[in-house]
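For reference, the structure is listed below as structure tokens.
Within every chain, numbering begins at 1; the chains are lettered A, B, ... in the order of the sequence lines, protein sequences first and strands thereafter.
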Number of protein chains: 2
Amino acid sequence: MQITSRFTIAVHIITALDYFKDRDRVNSDFLAGSVGVNPVIVRTVIGKLREAGLVHTLKGSSGAELARPLNEITFYDIYKAVDSVNEDEGLFHFHEQPNTECPVGRNIHKAMDGRLSAVQNAMEEEMKRITLADVVEDTRAAILEEE
Amino acid sequence: MQITSRFTIAVHIITALDYFKDRDRVNSDFLAGSVGVNPVIVRTVIGKLREAGLVHTLKGSSGAELARPLNEITFYDIYKAVDSVNEDEGLFHFHEQPNTECPVGRNIHKAMDGRLSAVQNAMEEEMKRITLADVVEDTRAAILEEE
DNA sequence: CAAAGCTGTAATATGATATATTACAGCTAT
DNA sequence: ATAGCTGTAATATATCATATTACAGCTTTG
């Protein structure tokens, strides 16, 4: 399995919103062109970023704006905003019907849940260390190096 | 998204193989009963564990055996064995067509790939710290506490 | 050694989820 | 007032996880 591309799409969008912030007509069609997906996907991803308080938008008007400085937006913020993993059950899909008439089946959850959370937590902590300022900086540097 | 339940199924199976190792008829039907999935799923998961060198099996004969002590089998070994995540592309699904005519689209991969690997790596390192001995120990303890 | 039990694996079906697409009401900008 | 745009619903399509049926061929048992 893989984490939905909504996550990398969201990072791409925020990077583009910053890079093209002084330009007119940065609408969902323009962004969709850069990302390579349908404009509706862009609008729904931006909608989730808005719900999470990461961007401000004005209905009917193009040009979403970042709600915080880039160095205060982490991969974790975006990952949570776009529902990258199942909120209720977590990163790991536990098989749903361990047999309660079997001692192992009855207790396997107890023995695993804490450890699965630790793994997920290790991943999320690493995501909190990475900010969009890092990505934007490297993107800009890569563009300058293109000559 | 979520990591396929093949992972927790595999941990459950290994735990059961250890717990019931002195018992007859620990075949795919028995294990499927404990895990709560179809016996064919059990056989294919065990097949992957065998390919990874974690268990020994004898075709036509029940009772798979662990190839290594429990404390030398980590979550990471199992996660790799059962193909929990896409081997080629990694944990994150990158949107597939960033526009190469856009400076951001051309360079977003360069700016993100290393960081996505770092996140995946943090998760995998944590998985290497957890062994099946831990899980089996806690499962046995939980069974004893059941009275 | 014959019968019964079991594995390994292929083929197919079903269900869930991600992404794409069409459509449009209603807001904004010119 | 017209054109542009967003937000969102509804629907379609593709992909993948899991379930299920089937069976050849190996192993164990009496």
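- In this structure, B:Lys48 pairs ionically with B:Asp83, as a charged nitrogen and a carboxylate oxygen lie closer than 4.0 Å.
- Hydrophobic clustering, with ILVMFWY side chains joined whenever heavy atoms are under 4.5 angstrom apart, groups B:Leu66 together with B:Leu49.
- Considering only heavy atoms from C-beta on, A:Leu116 comes within 4.5 Å of B:Phe7 through its side chain.
- Note: B:Ile41 CD1 to B:Ile9 CD1 = 6.5 Å, rounded to the nearest 0.5 Å.
- Of the residues in residues 4-19 of chain B, none has a non-hydrogen atom less than 4.0 angstrom from any atom of DNA chain C.
- Listed by residue number, A:Val37, A:Asn38, A:Val40, A:Ile41, A:Arg43 are the residues of residues 31-47 of chain A with a heavy-atom contact under 4.0 Å to DNA chain C.
- With hydrogens and angles disregarded, a donor-acceptor distance shorter than 3.5 Å links the side chain of A:Thr74 to the backbone of A:Asp77.
- Between B:His12 and B:Val37 the shortest side-chain heavy-atom distance does not fall below 4.5 Å.
- In this structure, B:Leu17 and B:Leu31 have side chains that are in contact, with non-hydrogen atoms separated by less than 4.5 Å.
- Side-chain N/O atoms of B:His93 include one lying less than 4.0 angstrom from OP1 or OP2 on C:dT19.
- Rounded to whole angstrom, the span from the CG atom of B:Asn86 across to the P atom of C:dT17 amounts to 19 Å.
- Judged purely by atom type and a 3.5 angstrom limit, B:Thr8 uses its side chain to pair as donor or acceptor with the backbone of B:Ser5.
- For DNA chain D, the contact window with chain A, defined by any atom under 4.0 Å from a protein heavy atom, covers D:dG4 to D:dT18 in 5' to 3' order.
- Map B:Lys59 and B:Ser84 each onto its nearest nucleotide of DNA chain D; the residue landing nearer the 5' end is B:Ser84.
- Looking at heavy atoms from C-beta onward, B:Asp18 lies out of side-chain contact with B:Leu132 at the 4.5 angstrom threshold.
- Rounded to an integer number of Å, the gap from CG of B:Leu58 to P of C:dC6 is 14 Å.
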Pair A:Phe94-A:Met112, side-chain contact (heavy atoms from CB on, under 4.5 Å): steps then yes or no: CA-CA 10 Å; A:Phe94 213 106; A:Met112 287 190 73; 4.0 Å; yes
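- Rounding to whole angstrom units, CD of residue B:Gln97 and P of C:dT19 are separated by 13 Å.
- The existence of a salt bridge linking A:Arg129 and A:Asp134 is excluded, since no basic side-chain nitrogen approaches an acidic carboxylate oxygen closer than 4.0 Å.
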